[in-house]
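A short write-up of the structure that comes next.
Counting starts at 1 for both ligands and their atoms, in listed order.
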Amino acid sequence: MAQTALARKLLRQIEATGPISVAEFMAACLGDPDHGYYTTREPFGQGGDFITSPEISQVFGELIGLWAVATWEAMGAPSRFTLAELGPGRGTLMADALRAARIRPGFLAAATVALVEISPRLRVEQAEAIAPLGIEPVWHDRVDDLPDGPLIVVANEFLDALPVRQLVRTEGGWAERMVGRNEKGELAFGLRPTDSPGAGDAADALPVGTVMEVRPAATAIASALGARIAARGGAALFIDYGYAEPGAGDTLQALYRQLYDGALNHPGEADLTAHVDFAAIARAAAAAGAEAHPILTQGEFLGRLGIADRVRALAMGKPPAEQQAIGVAAHRLVHPDAMGSLFKVLAVGAPGLALPGFEGPAG
Ligand code: SAH
């Protein structure tokens with residue numbers, strides 16, 4: 001198989017300094033400045049590799065905008081705050097959210113819109129999407145660079161792009177899955193002995209062959225945001241595909257030209273993701289002092305925010321074909337067979353802050 005430019009670069013690096021972890025491999029595949037998937041490709045929409053909720057229906061971003069407005073009001077409507085999005089893609093969610101938020105001019109006047117994005121190319125698209133609203137966002141490289149003060153954060157399909165380490169239970173104890181070079185000069189998986197991923201016995205009792213995924217970058221972000229929100233007020237909303245109960249299993253997957261692909265086949269040219277362990281994200285935020293609300297499915301969350309009414313209002317007066325398209329798109333967001341149950345929603349807030357959609361128990 002022909003090797004990608006990034007595969008050649010990684011093979012040279014591995015030859016010089018040895019195998020790299022799956023996390024290092026994933027970080028390079030997605031974020032390498034010259035050959036990374038997000039830094040160099042157009043992943044979204046028609047002709048791209050995947051389509052995300054905000055690209056499916058404007059209702060998604062609009063409801064999140066209204067969620068942010070209601071959260072701001074619950075915070076006591078601070079006169080200044082940061083409205084941040086992590087990994088905004090083409091900027092569609094934020095543009096739809098800001099448009100919907102026009103019902104509360106005070107919210108828009110108080111907000112500084114901050115976008116955390118590694119891709120210079122996507123920053124340009126985000127600027128173009130948001131410009132028609134007359135709002136100038138500021139960009140940051142990292143969550144830690146967000147300005148101080150009250151904070152409302154949204155992140156859709158951001159956590160799944162952060163690097164995972166894969167730990168494998170073997171006969172001889174735990175090992176980390178590594179990416180090295182085989183005798184044919186190709187990238188190949190291997191194992192390197194490592195410490196137990198869990199607090200001792202529970203993890204060590206797992207059967208041989210079990211894969212545990214840990215995501216140090218994601219839990220560090222959850223912890224930093226949890227501490228910020230606990231100290232300065234606000235909330236963070238994480239939406240992604242993943243599991244609500246702690247689990248085990250290899251979920252690393254590559255998508256190349258809209259088809260599933262081996263993770264090592266097209267480094268930098270395929271999207272590479274792994275399911276999000278929401279319980280781990282919630283634990284990290286709570287340990288830092290924030291309140292982690294019960295995890296909802298995307299279908300439950302959008303239902304609670306009133307997606308049915310919003311869709312009816314949007315469809316009203318439109319030609320039948322358009323009405324039907326609006327309904328089909330919304331259905332895709334909420335239906336359990338589409339994105340409604342695989343996608344989960346975690347809200348983290350300042351202790352005691354009532355967050356719209358999270359008032360009742362999950363279920
Ligand atoms: N939220 C958008 C895009 C999701 S794709 C949507 O729902 O359509 C993931 C986004 O996260 C892209 O914008 C990608 O460039 C960005 N991203 C990936 N890793 C990142 C990192 N480490 N720091 C900041 N942004 C990152």
Side-chain angles (χ1 to χ4, degrees), residues 23-65 68 83-98 113-130 137-146 153-164 215-222 224-225 236-242 253-255 268 270-276 281 298 301-302 329 332-333 339 342-345:
E24 289 169 285
F25 175 72
M26 194 170 165
C29 287
L30 298 181
D32 183 273
D34 301 319
H35 310 294
Y37 181 73
Y38 283 116
T39 34
T40 62
R41 310 251 138 195
E42 176 56 65
F44 312 106
Q46 308 303 326
D49 289 320
F50 59 88
I51 181 157
T52 57
S53 296
E55 305 295 337
I56 290 172
S57 170
Q58 70 184 76
V59 168
F60 187 79
E62 289 171 356
L63 288 172
I64 288 175
L83 176 63
E85 184 175 359
L86 315 183
R90 301 165 109 177
T92 309
L93 189 165
M94 186 54 89
D96 291 337
L98 293 171
V113 175
L115 306 176
V116 177
E117 175 58 65
I118 44 163
S119 163
R121 200 183 52 75
L122 288 175
R123 285 183 180 201
V124 173
E125 288 197 38
Q126 291 154 17
E128 285 167 4
I130 293 167
V138 284
W139 280 269
H140 300 284
D141 292 331
R142 290 186 311 267
V143 169
D144 285 340
D145 301 336
L146 287 171
V153 181
V154 301
N156 185 59
E157 292 210 44
F158 169 72
L159 296 175
D160 70 81
L162 299 180
V164 289
R215 219 180 208 120
T219 43
I221 286 173
L225 287 176
L237 190 67
F238 298 101
I239 306 172
D240 231 303
Y241 52 95
Q253 66 185 32
L255 204 57
D271 184 34
L272 203 56
T273 64
H275 284 28
V276 172
I281 302 298
Q298 175 162 301
F301 176 67
L302 295 177
R332 203 166 152 192
L333 298 182
M339 302 171 86
L342 177 59
F343 278 72
K344 308 289 188 300
V345 184

Does [X] use its side chain to pair, donor to acceptor, with the backbone of [Y] at less than 3.5 Å?
{"X": "Thr39", "Y": "Asp32", "answer": "yes"}
{"X": "Gln298", "Y": "Leu333", "answer": "yes"}
{"X": "Asp160", "Y": "Ala274", "answer": "no"}
{"X": "Glu117", "Y": "Trp139", "answer": "no"}
{"X": "Arg215", "Y": "Leu159", "answer": "yes"}

Just which atoms of ligand 1 are under 4.0 Å from any heavy atom in [X]?
{"X": "Gly87", "result": "1 (N), 2 (C), 3 (C), 4 (C), 10 (C), 11 (O), 13 (O), 16 (C)"}
{"X": "Gly89", "result": "2 (C), 3 (C), 13 (O)"}
{"X": "Thr52", "result": "6 (C), 7 (O), 8 (O)"}
{"X": "Leu162", "result": "22 (N)"}

So that I can tick it off, tell me whether Arg123 and Asp141 are bridged by a salt bridge, with the cut-off set at under 4.0 angstrom between side-chain N and carboxylate O.
yes

Note the single closest protein heavy atom to [atom], along with its residue, its atom name and the distance in Å.
{"atom": "atom 13 (O) of ligand 1", "value": "Glu117 OE1, 2.6 Å"}
{"atom": "atom 17 (N) of ligand 1", "value": "Ile118 CG1, 3.8 Å"}
{"atom": "atom 5 (S) of ligand 1", "value": "Tyr38 OH, 3.5 Å"}

Hey, is ligand 1 close enough to [X] that some N/O pair sits below 3.5 Å?
{"X": "Asn156", "answer": "yes"}
{"X": "Gln126", "answer": "no"}
{"X": "Glu157", "answer": "no"}

Output, in order, the C-alpha distance, side-chain angles, deciding distance and verdict of side chain to side chain contact (heavy atoms under 4.5 Å, CB included) for Lys344 and Tyr241.
CA-CA 6 Å; Lys344 308 289 188 300; Tyr241 52 95; over 6 Å; no

Side-chain donor-acceptor contact under 3.5 Å, Thr92 with Glu55:
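Judged by distance alone, the side chains do pair up.
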
Could you tell me if any non-hydrogen atom of Leu122 lies under 4.0 Å from any atom of ligand 1?
yes

So is Pro54 close enough to ligand 1, meaning a heavy atom under 4.0 angstrom away?
yes

